[in-house]
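The first residue in the sequence is number 1, and the count goes up from there. The figures here come from the full heavy-atom set of this structure, side chains too, leaving out hydrogens, waters and symmetry mates.
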Amino acid sequence: MRYACRFAVGPVEVQVTSNEESVLDYLGEFYTVTSAALPGHGWTVDAQVGLPEPDANTNQWGVSWRIDRSDRTVHLRAEAAECLSITARKCVREVLVDHCEQRRYTMLHASAVVDESRTIVVVGDKGSGKTTVALKAALRHGMRYVSNDHLIVYGRDGAGTLTLTSLPTLIPLKIGTFLDLESALPEPWDRDGLDVEAYRASSRSEVYPLDRRVLYTYRRLGHDNPITVDLGPRRSPVTTLIVLASYSPGDVGEPEPEPVADPVTELLAHVRTDWMFDPTLNQRYLPRVERGRDEYLADARRIVTALAERSTVVRWTHRGDPAPILEFAANRRLA
């Protein structure tokens, strides 16, 4: 039997066909099924359980892949449905990456949440609490979860606006945060081999530093991903707050957010080049032309400058609770 489905991937869509229904079910954990015709449609991922094609390329999971440019189809073949599903997921998101590359995107180490009146971007490296702040803003304050750690920013030609979206990825949740929020969370998508019960009797001071984690998808948390957020032109009222975050546990009072004197320089330090230029992370199945590192970094400076110009940028040391920064945003009338 042959199954088919169209998935919305931010501003684009991709059709997937397969002889294994579980492949489409797997993709449904990451992308939104759609019946609407979106502008990026044109690629089909044909993912078939069966023997790999002998003359095709083969990836590290034993999945063969071949491009048919005449009908814009990537043909995937594998005997293991799980490996086939993982490769199909990466092929689908490549259509989004190509859309963003044509608009000369940059990527930040940043989480982002949004509601009807404001956008909060939390910038920081590993350990800065981006996931904790964004997840609690979504669970406790009703905001939409836009990005966990791969925030994409690009401009639209001639429109004078910026668009935020996210690379579709899993959300790794450290064991300490998971135990704090367990009552408000659904079952993880994957426990990643973690025995949660072994940590229940431990103190939070013991588990917070541990890099053991469970895995969620945005959809498992009740949020479509990726979505796009259009920021207004430079002359629009400021509705975006960018937080350069650091996490500091303890009982000392939470310091007030402080304005950043040189936000462009600070933000450039958090531009991601790892995903863009590491072929083990940024695997390529569909044909596309990409920029070199120097060109990418020049575009990153342009985009980060435009982002800083239409945002309030602050530095904030937090305790894992987004409420103070949301109150700060409300008092500054970022709406």
Side-chain angles (χ1 to χ4, degrees), residues 1-102 165-171 186-190 192 215-228 279-289:
M1 185 173 293
R2 195 173 189 86
Y3 303 95
C5 198
R6 290 196 301 180
F7 294 99
V9 190
V12 300
E13 71 170 36
V14 183
Q15 178 165 293
V16 180
T17 58
S18 182
N19 61 351
E20 175 57 58
E21 192 172 16
S22 67
V23 173
L24 299 182
D25 291 340
Y26 174 91
L27 293 176
E29 276 281 354
F30 293 87
Y31 308 119
T32 304
V33 176
T34 182
S35 58
L38 299 174
H41 179 57
W43 278 103
T44 296
V45 176
D46 181 48
Q48 303 293 317
V49 174
L51 293 175
E53 295 183 345
D55 297 329
N57 300 295
T58 303
N59 69 12
Q60 68 265 45
W61 297 294
V63 180
S64 70
W65 54 282
R66 174 177 57 83
I67 300 295
D68 187 339
R69 294 175 182 267
S70 64
D71 63 359
R72 295 172 62 82
T73 299
V74 55
H75 297 275
L76 305 177
R77 298 290 184 274
E79 295 183 88
E82 181 180 4
C83 297
L84 186 68
S85 298
I86 292 170
T87 304
R89 172 171 66 86
K90 294 175 183 293
C91 285
V92 168
R93 78 181 183 190
E94 272 201 73
V95 180
L96 171 65
V97 174
D98 183 60
H99 173 88
C100 297
E101 177 61 24
Q102 291 175 28
T165 190
S166 174
L167 186 72
T169 60
L170 289 164
I171 301 172
E187 179 67 16
W189 180 75
D190 189 340
D192 203 26
L215 301 175
Y216 279 91
T217 62
Y218 289 87
R219 181 162 296 282
R220 186 63 58 101
L221 294 170
H223 294 259
D224 290 338
N225 179 266
I227 62 172
T228 56
T280 63
L281 297 176
N282 183 10
Q283 295 160 358
R284 298 169 177 83
Y285 297 100
L286 306 185
R288 69 178 187 263
V289 176

Participant: Could you state the interatomic distance from CH2 (Trp61) to CG (Leu84), rounded to the nearest 0.5 Å?
Facilitator: 11.5 Å
Participant: Going through the checks in order, is the side-chain contact (heavy atoms from CB on, under 4.5 Å) test met by Arg77 and Asp46?
Facilitator: CA-CA 8 Å; Arg77 298 290 184 274; Asp46 181 48; 3.2 Å; yes
Participant: Please check if any side-chain donor atom of Ser22 sits under 3.5 Å from a side-chain acceptor atom of Glu20, or the reverse.
Facilitator: yes
Participant: Indicate the atoms forming the closest heavy-atom contact of Asp192 with Asp190, along with that distance.
Facilitator: N-OD1, 2.7 Å
Participant: So which atom in Glu79 and which in Val49 form the shortest heavy-atom distance, rounded to 0.1 Å?
Facilitator: O-CG1, 3.7 Å
Participant: Can you tell me how far CH2 of Trp43 sits from CD1 of Ile67, rounded to the nearest 0.5 angstrom?
Facilitator: 5.0 Å
Participant: Could you list all the ring-ring contact (aromatic ring centres under 6.0 Å, His included) pairs where at least one residue sits in residues 64-87, not counting sequence neighbours?
Facilitator: Trp65-Tyr285
Participant: Determine whether Arg288 and Glu101 satisfy the following criterion, salt bridge (Lys or Arg N to Asp or Glu O under 4.0 Å), listing intermediate values before the conclusion.
Facilitator: CA-CA 9 Å; Arg288 69 178 187 263; Glu101 177 61 24; over 6 Å; no
Participant: Ala56 and Arg66: which non-hydrogen atoms are nearest, and at how many Å?
Facilitator: CB-CB, 4.1 Å
Participant: What's the spacing between Asn282 CG and Lys90 NZ if we round to 0.5 Å?
Facilitator: 10.0 Å
Participant: Identify the two heavy atoms, one from Val16 and one from Val92, that lie closest to each other, and give their separation to 0.1 Å.
Facilitator: CG2-CG2, 3.8 Å
Participant: Does the Tyr26 side chain pair with the main chain of Arg89, one donor and one acceptor, at a distance under 3.5 Å?
Facilitator: no
Participant: Would you indicate whether the side-chain heavy atoms of Thr169 and Arg93 approach each other to under 4.5 Å?
Facilitator: yes
Participant: Ser64 side chain to Glu53 main-chain N or O, any donor-acceptor pair under 3.5 Å?
Facilitator: yes
Participant: Could you go step by step and tell me if Glu29 and Thr217 meet the side chain to side chain donor-acceptor pair (under 3.5 Å) rule?
Facilitator: CA-CA 7 Å; Glu29 276 281 354; Thr217 62; 2.9 Å; yes
Participant: For the atom pair CD (Gln48) and OG1 (Thr17), what is the distance rounded to the nearest 0.5 Å?
Facilitator: 5.5 Å
Participant: Counting N and O atoms only, with roles assigned by atom type, does the side chain of Ser18 sit under 3.5 Å from a partner on the main chain of Ala47, one being a donor and the other an acceptor?
Facilitator: yes
Participant: Hey, does the side chain of Arg219 reach the backbone of Gly28 with a donor-acceptor pair shorter than 3.5 angstrom?
Facilitator: yes
Participant: Atom OG1 in Thr32, atom CG in Asp224: separation rounded to 0.5 Å?
Facilitator: 3.5 Å
